[in-house]
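Labels below follow one simple rule: chain letters A, B, ... track the order of the sequence lines, proteins then strands, and each chain is numbered from 1. Keep in mind that what you see is a predicted model, and the values were worked out from it rather than measured.
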Protein chains: 2
Amino acid sequence: MLSKKTQYAFRALTDLAENYGKGPIHICDIASRKNIPLKFLENILNELKKSDFLESKKGKGGGYVLKHSPKKINLAAVIRIINGPIALLPCVSLNFYRRCEDCNEENCGLRRVMAMTRDATLKILEKKTLQDILSGERLII
Amino acid sequence: MLSKKTQYAFRALTDLAENYGKGPIHICDIASRKNIPLKFLENILNELKKSDFLESKKGKGGGYVLKHSPKKINLAAVIRIINGPIALLPCVSLNFYRRCEDCNEENCGLRRVMAMTRDATLKILEKKTLQDILSGERLII
DNA sequence: TAATATCCTACCAAATTAGTAGAATAATGT
DNA sequence: ACATTATTCTACTAATTTGGTAGGATATTA
Ligand code: FES
Ligand code: FES
């Protein structure tokens with residue numbers, strides 16, 4: 001399951017997507033509109049900034065802005081930054097690979113199945129973008 | 001990601017599948033063959049028994065046996081028992097549903113996408129069985 | 001009734017998640 | 001220059017989950 005932090009991240013990014021093109025948005029506005037603990041949200045937006053999803057500006061007239069169009073930000077990328085691996089096992093993770101102790105990778109049936117589910121999941125999450133999860137949008141399947 | 005406990009569960013079930021038809025298998029044999037902490041494995045097999053995957057017998061000649069053929073046990077069912085929800089959000093879980101606070105389900109784009117990934121994942125995990133993850137097996141895609 | 005092996009209750013340590021506090025830094029307007 | 005504003009950084013803390021362990025109770029067989 002995605003952590004609460006990841007849900008917060010998506011809610012915040014959605015808010016920024018809804019206000020895309022309106023200049024910098026205050027973190028406290030996002031926090032109050034989306035009901036996210038302010039100081040926790042600071043951490044989250046900072047991580048998203050360091051991972052190049054956001055731009056920020058300090059001082060009066062400052063705030064956060066999406067660095068790219070909501071259509072360009074795919075959900076898998078966000079999950080990987082805030083939540084970690086998408087795969088169900090470390091040995092099939094593309095971005096967070098770790099070897100399984102006591103398990104022969106070439107010959108592991110569980111690994112083969114988990115690689116399939118990883119692919120099926122990524123096929124969706126890498127295609128869907130912030131734009132797709134805005135509440136107004138009709139999702140095209 | 002699946003917990004270590006869940007990986008242990010799969011390894012133990014695989015061992016029982018490999019020895020299917022040979023009568024009760026000692027928990028300490030499984031533990032040593034598959035390198036799983038014995039007392040932890042006790043808990044795991046007990047949960048699997050309570051969830052009707054295993055039968056057990058106490059005393060001399062006792063041990064654990066798969067209650068059903070390895071072809072009948074699908075991976076999603078095991079994950080649900082030992083690991084919990086398969087869906088990425090509580091609001092799209094079929095077996096562990098919980099409402100999302102501060103979120104309107106009918107109108108939530110994130111929920112729509114997560115329902116799609118749940119379906120894609122389940123399509124695989126509910127079809128694949130213990131038999132499919134035995135190391136000798138060739139996985140038919 | 002001894003030996004064997006699962007079952008049960010309860011605990012414990014480490015890791016992760018969720019959240020907070022407060023000062024430092026940068027930008028802006030006057 | 002200086003006050004104001006808003007992000008940034010460091011460093012905690014609390015709660016929950018994960019990964020175990022200990023030891024006795026119970027059932028089965030011989
Ligand atoms: S190699 Fe990762 S589960 Fe077997
Ligand atoms: S309803 Fe669950 S994320 Fe919106």
CA sep, side-chain torsions, deciding dist, call: B:Arg33, B:Asn19, side-chain contact (heavy atoms from CB on, under 4.5 Å): CA-CA 12 Å; B:Arg33 275 197 292 265; B:Asn19 294 288; 3.5 Å; yes

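- Against DNA chain D, the stretch residues 47-54 of chain B makes no heavy-atom approach under 4.0 Å.
- When every heavy atom of A:Ala9 is checked against every heavy atom of A:Ile44, the shortest pair comes out as CB-CG2, 3.7 Å.
- A salt bridge links B:Lys5 and B:Glu47; the closest N-O separation between the charged side-chain nitrogens and carboxylate oxygens is under 4.0 Å.
- Using a 4.0 Å cut-off, no side-chain N or O of A:Ser3 falls inside it from OP1 or OP2 of C:dT16.
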In sequence, state the C-alpha distance, the side-chain angles, and the governing distance for B:Ile124 and B:Leu75, and then conclude on side-chain contact (heavy atoms from CB on, under 4.5 Å). CA-CA 9 Å; B:Ile124 296 170; B:Leu75 306 189; over 6 Å; no

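- For the pair A:Arg80 and A:Glu126, the salt-bridge criterion is met [side-chain N within less than 4.0 Å of a carboxylate O].
- Applying a 4.0 Å cut-off to non-hydrogen atoms, the residues of residues 18-45 of chain A that approach DNA chain C are A:Pro37, A:Lys39, A:Phe40, A:Asn43, listed by residue number.
- Between the two ends of the helix from C:dT1-D:dA30 to C:dT30-D:dA1, each summarised by a five-pair axis, the helix axis turns through 10° (rounded to 10 degrees).
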CA sep, side-chain torsions, deciding dist, call: A:Val65, A:Leu16, side-chain contact (heavy atoms from CB on, under 4.5 Å): CA-CA 7 Å; A:Val65 188; A:Leu16 287 165; 6.0 Å; no

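- A salt bridge links A:Lys39 and A:Glu42; the closest N-O separation between the charged side-chain nitrogens and carboxylate oxygens is under 4.0 Å.
- Atom NZ in A:Lys4 sits roughly 5 Å away from atom P in C:dG19 (whole-Å rounding).
- Contact annotation: A:Ser56 does not reach the phosphate of D:dA6 (side-chain N/O to OP1 or OP2, under 4.0 Å).
- Across the protein-nucleic acid pair, B:Lys5 atom NZ and D:dT21 atom P stand 14 Å apart, rounded to whole Å.
- Pairs passing the salt bridge (charged side-chain N to carboxylate O under 4.0 Å, His left out) check and including a residue from residues 52-65 of chain B, sequence neighbours excluded, read B:Asp52-B:Lys67.
- Heavy-atom distances to DNA chain C give each of A:Leu2 and B:Gly63 a nearest nucleotide, and the one nearer the 5′ end belongs to B:Gly63.
- The shortest distance between the side-chain N/O atoms of A:Tyr8 and the OP1/OP2 oxygens of C:dA18 is not below 4.0 Å.
- Between B:Ile82 atom CD1 and D:dT18 atom C1' the separation is 13 Å, expressed in whole Å.
- Residues B:Met1 and B:Asn83 come closest through the heavy atom pair O-ND2, 4.2 Å.
- Spacing between atom CE of A:Met1 and atom C1' of C:dA18 amounts to 15 Å, rounded to whole angstrom units.
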Footprint string (nucleotides 25-30 of chain D, 5' to 3'): B base within contact, S backbone only, - free, heavy atoms under 4.0 Å: -BBBS-

Evaluation steps, side-chain contact (heavy atoms from CB on, under 4.5 Å), between B:Cys100 and A:Gln7: CA-CA 10 Å; B:Cys100 286; A:Gln7 272 195 69; 3.7 Å; yes

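- What separates CG of B:Asn46 from P of C:dT9 is a distance of 10 Å, to the nearest Å.
- Judged as a ring pair (Phe, Tyr, Trp, His ring centres under 6.0 Å), and not counting sequence neighbours, A:Phe96 has no contacts.
- In this structure, B:Arg11 places its CZ atom 13 Å from P of D:dG19, rounding to the nearest Å.
- Salt-bridge check for A:Glu105 with A:Arg99: failed, with every basic side-chain N at 4.0 Å or more from each acidic carboxylate O.
- Contact annotation: the side chain of A:Leu66 approaches that of A:Leu130 to within less than 4.5 Å [non-hydrogen atoms, C-beta and beyond].
- Using a 4.5 Å heavy-atom threshold, the side chains of B:Asp15 and B:Glu18 count as touching.
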